[in-house]
Q: 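The structure under discussion is supplied below as structure tokens; questions concerning it will follow.
Lettering follows sequence order; numbering is per chain, from 1.
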Amino acid sequence: MRSKSIAIAIACLVGSTAFAQEFTAKQLQGFYDKVAPAVCIVSYSSNVTNPSSGEVSKRNTRALGLIVSAKGLVMAHGHMQIQDSDPFAIKITVGQGDNEVEYDGKLLTKPEDVNVCFIEIANNSNVTFPFVQFAPGPLHLGDPIALIGLMGDTLDFNRSVVVRRIGSVLDKPRTTYCLDERLLFGYVGSPVMDLAGHIIGVIGFDLSTQEGGDLYVRSGHPLVYQSDLFAKYIANPPGENDPKVVNDGAFLGVFSQPLTDDLAEYWKLPQEGGIVVSTVMPDSPASAAGIQPGDVIVNFNDTPLKLKLDREVANFTKLVRDAGVGKQVPVKILRAGQPVDTSVTLVERPKSARDAGEFEDKTFGLTVREITTDLRVLLNLAPDVEGVIVRRVKSGSWAQLGEMQPGVIIMNFGGQPVKSLDDFKAAVAKIEAEKPAEFTVFGRAGARTGFFRLQPRWNSSN
Amino acid sequence: MKRIAILAASCLVLTGCATVGASSDASVLRAKNKVAPALVHIRPVKVVFSGGERREEAVVGSGFIISNDGYVVTNEHVAGESTLVRCVLYDKSEFDAEVVGVDKYTDVAVLKLKSDRKDFPKVALSTSKNLEAGQTVLALGSPQGLARSVSMGIISVTDRYLGGRDESVAPYNNWIQTDAAINPGNSGGPLVNLKGQVVGINARRLGGADNVGFAIPIDIAKQVVDQLIEKGQVTRSNIGVTFQETMSKTDDPKQQGVVIADVDPLSTGAEAGLTPGDIMLSVDNVVTNARFEEDLPAVRKLIADLPVETSVTIKVQRGSEEKEIAVKTQALSDLRGKEVDIADWGFTVSELTPAIVRRAQLASSKGVLISGVQLGSVAGNAGLQQGDIALKLDEKEIDNLDAFANAIKDHIAAKTKLVLLQVKRGALTRFVVVKQGEPVAPQAAAEQGNGDNGNEK
């Protein structure tokens, strides 16, 4: 890593004439004139769910949008569609001052591999919008870049140009350009112009989760998302933001850590890296293949694994995802130092909490979710814990009066065992039909089980 | 409407004050004078484990002398885990005290003043059985460290249930709630009736509220104090069952018994086949009714007071059937496990309690809890984290805290270069290599780092 930086620095010295260049005022004015009209304001409301309490609050947000097609496709930063936030009433304001026009916007499905989202302007009168055209262009350490962002509310969201430099170039998990300074919120999603005058990308913050994004979440460093990451979505915009068929690739069913030199030395293995299996999920392809904690995977699907660092584990995850559902994959393992050749048949990745089915019962005020594999891991639930998990308890509802809380796992509802969302729906329907004066919910809060008594007043308007 | 109500309320209060005021001065003074000579200002040096190290911390609390030879009652949270306890009496004479015994479940501790004197002033203990809300009480102690302070109020409620379903908060008693001012430092001090008799031990207060303080009823404390003086500890029985009031299932007042809400899978209750949802009707023919949550501590205490390692007959209602189930009691483990620090590696480690085992969903109670890790220490650099549960050391199961601590000390003495731990972190397990080496001076480390990079190039 460091040697690479040195190499880049040398390259910069050689090309020192280019490095010394700055944007001219004329260039920046040109950038503003050409690109500012394509910068718009995305306003939306969202239901934000507090993940611990399940309370939902409404919030109004404004963000920068960038029009990327003449028909009115708008690109904004991926923060708009994060977990626990559900945007609605989306408005796109195009133009400035007296020329401002507000349109309705429709959110499209968020891409998995880049942290941006797309909004379609309801373009009923076939307006041709000013839009940005991207060009691929590599950046180098020290390169200046120009951005156009939105100033704040009190400055009427006027567009503003700023100049930054590339402060660091990361080579993993993919080439990533980091800026040298922080930016105000109004610059998130801004178009990025290079010295040659090409719009080569937009400003972003986190990598996508598929790229191991959470490693970078806390850095707070603005990044440049190069246009080749999202060009395909501009050419073929994703569909409407409907519940989608999940296809996150293939699943092996292990949690792993890299074979560091210390671990290799301890186990007297060659210090060549690898993937140490630390946890094997029950009922997974890995457990079916007899893979055990402590096994070191040195070759997966004919790809040698030379991983030694925590952040490199994402590469292994990607390798598994891309290997193909249903495919039998050869795996070379070191078990207690001895090589073992085996194979695993990968399955479809289990549904994640993000895509878990949810059901809101209007009678008792409970919104519950299926317990997905990732929730099971997150909450440390034993495999025998079955039920649905309470996500929200409506304020003033029978469930709240019964002291039910988000996070409770419902295992029995009014005498009906609950193992799935369908069981829960059926149990609710049965109670609604029978209208008992009181009934009991059996569930699990934290590590312990217990009972809740619900006493609906059937004649009231609740 | 609202305004009238407020006016009416303030009138009542004023009238009330006037009546009490007229008659109380003499009785308050009399009561205070009876108890005050036996009041103790306690300054323990406590052992605190935090941030991966063991530290000592001077604190202040209160207590009262219960015998002429100098036994003192206070709170466990005042005097427990202390290396030194200094006591200042009402006449300002000072004595060191030894800790005779502590009980974390009721938050009661007994000290003995280190002195041969047989004429210490002592308090009279009353009973907490016949208390009434509205009765005037005094709280004596050292609020915010201010010794020999007296405050006055009334009993607000005689049987406040604190705890919800978290049984670690005083599972065996309800509390006397009082509006007599209780502040940090009052802990362990006496709550006194107007006869100058102790009815409770002031122990906690509701933060963010005005004058909502709580005292341990003296009847609960007396039984604990007797056992502590006699045996140095309190022994209790356990069957691994969590109870809930019958109101949690039905408001039918005819419903007898107490609801079994949870059964610890590693307990004798689970072994015997007790199941959540069973209604426990009796234990060895003693009826166990708990319609409201305030009734739960008595049921728990009934179980706790059973002799350890004996078989009892529990009658349960399961559906429409009644069943008798024989359950063996086992000793209740301590509320908090023993904790030690491994200073050379910069971490602290404690025993697993059943509650930790349960929360971590462990299959057995083998292992130890990493209770704290210092940043920049050997353990911290290895990636060990607070909350990790170490299951294996050098690929062998960890039996208990002592075995683990001794094995680590051996490694430290032998300067073993690499030590492997297998830890459970949430639902996942992970390997952690602890690397012991000669400490490297920062300057040397920097040079070494440059050298490495040079080689790489």
Q: Working to the nearest 0.5 Å, report the span between OG1 of A/T279 and CG of B/L428.
A: 4.5 Å
Q: Which of the residues A/E265, A/E403, A/R376, A/Q257 is involved in the greatest number of heavy-atom pairs with chain B at under 4.5 angstrom?
A: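 Going by pairs under 4.5 Å, I would pick A/Q257.
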Q: What's the separation between atom CZ in A/F442 and atom CG in B/D262, rounded to the nearest 0.5 Å?
A: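 It comes to 7.0 Å.
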Q: Do other residues, nucleotides or ligands put more than 12 heavy atoms under 6.0 Å from the CG atom of A/D261?
A: yes
Q: Sort A/V280 into side chain, backbone, both or neither according to what part of it lies under 4.5 angstrom from a heavy atom of chain B.
A: neither
Q: Under a 3.5 Å distance rule, please check whether A/E438 uses its side chain to pair with a backbone N or O of B/D251 as donor and acceptor.
A: yes
Q: Please state whether the side chain, the backbone, both or neither of A/T440 comes within less than 4.5 Å of a heavy atom of chain B.
A: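 When you check distances to chain B, only side chain atoms of A/T440 fall under 4.5 Å.
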Q: Taking B/S248 for the side chain and A/F452 for the main chain, is one N or O donor matched with an acceptor at less than 3.5 Å?
A: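 Judged by distance alone, no pair lies under 3.5 Å.
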Q: What is the minimum heavy-atom distance between B/R359 and A/A447, and which atoms define it?
A: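 Heavy-atom minimum between the residues: CA-CB, 3.7 Å.
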Q: Could you check which of B/T250, B/V433, B/V259 has the highest count of heavy-atom pairs closer than 4.5 Å to chain A?
A: B/T250
Q: Any chance you could measure B/Q361, atom CD, to A/L381, atom CG, to the nearest 0.5 Å?
A: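 Rounded to the nearest 0.5 Å, the CD-CG separation comes to 6.5 Å.
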Q: Which answer fits B/D394, side chain, backbone, both or neither, if we ask what part of it has an atom under 4.5 Å from a heavy atom of chain A?
A: both
Q: Quick check for you: among B/V419, B/D252, B/T429, which has the greatest number of heavy-atom pairs under 4.5 Å with chain A?
A: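 Result: the option with the highest number of such pairs is B/T429.
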Q: Can you tell me which portion of B/K435 sits under 4.5 Å from chain A's heavy atoms? Options are side chain, backbone, both or neither.
A: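 Interface part for B/K435: side chain.
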Q: Heavy-atom distance under 4.5 Å to chain B: side chain of A/Y266, backbone, both or neither?
A: both
Q: Check the pair B/L420 / A/L263 against side-chain contact (heavy atoms from CB on, under 4.5 Å), numbers first and verdict last.
A: CA-CA 8 Å; B/L420 184 70; A/L263 264 174; 3.6 Å; yes
Q: Looking only at atom types and distance, does a side-chain atom of A/R453 sit under 3.5 Å from a main-chain N or O of B/M247, one as donor and one as acceptor?
A: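 Side chain of A/R453 to backbone of B/M247, a donor-acceptor pair under 3.5 Å: yes, one is there.
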Q: Is it true that, when you exclude A/K308 itself, more than 12 heavy atoms of the residues, nucleotides or ligands shown sit nearer than 6.0 Å to its NZ?
A: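 Buried by this count: over 12 neighbours within 6.0 Å.
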Q: Please report the shortest heavy-atom distance between B/I260 and A/F451, naming the atom on each side.
A: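 Where B/I260 meets A/F451 most closely, the heavy atoms are O-CE1, 3.5 Å.
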Q: Measure distances from A/V276 to the heavy atoms of chain B and classify the residue's part below 4.5 Å as side chain, backbone, both or neither.
A: side chain
Q: Quick check: closest heavy atoms across B/E395 and A/W267, and the distance to 0.1 Å?
A: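 Smallest heavy-atom distance, with atoms named: OE2-NE1, 2.8 Å.
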Q: Of the non-hydrogen atoms in A/V377 and B/A427, which two are nearest, and what is the gap between them?
A: O-CB, 3.2 Å
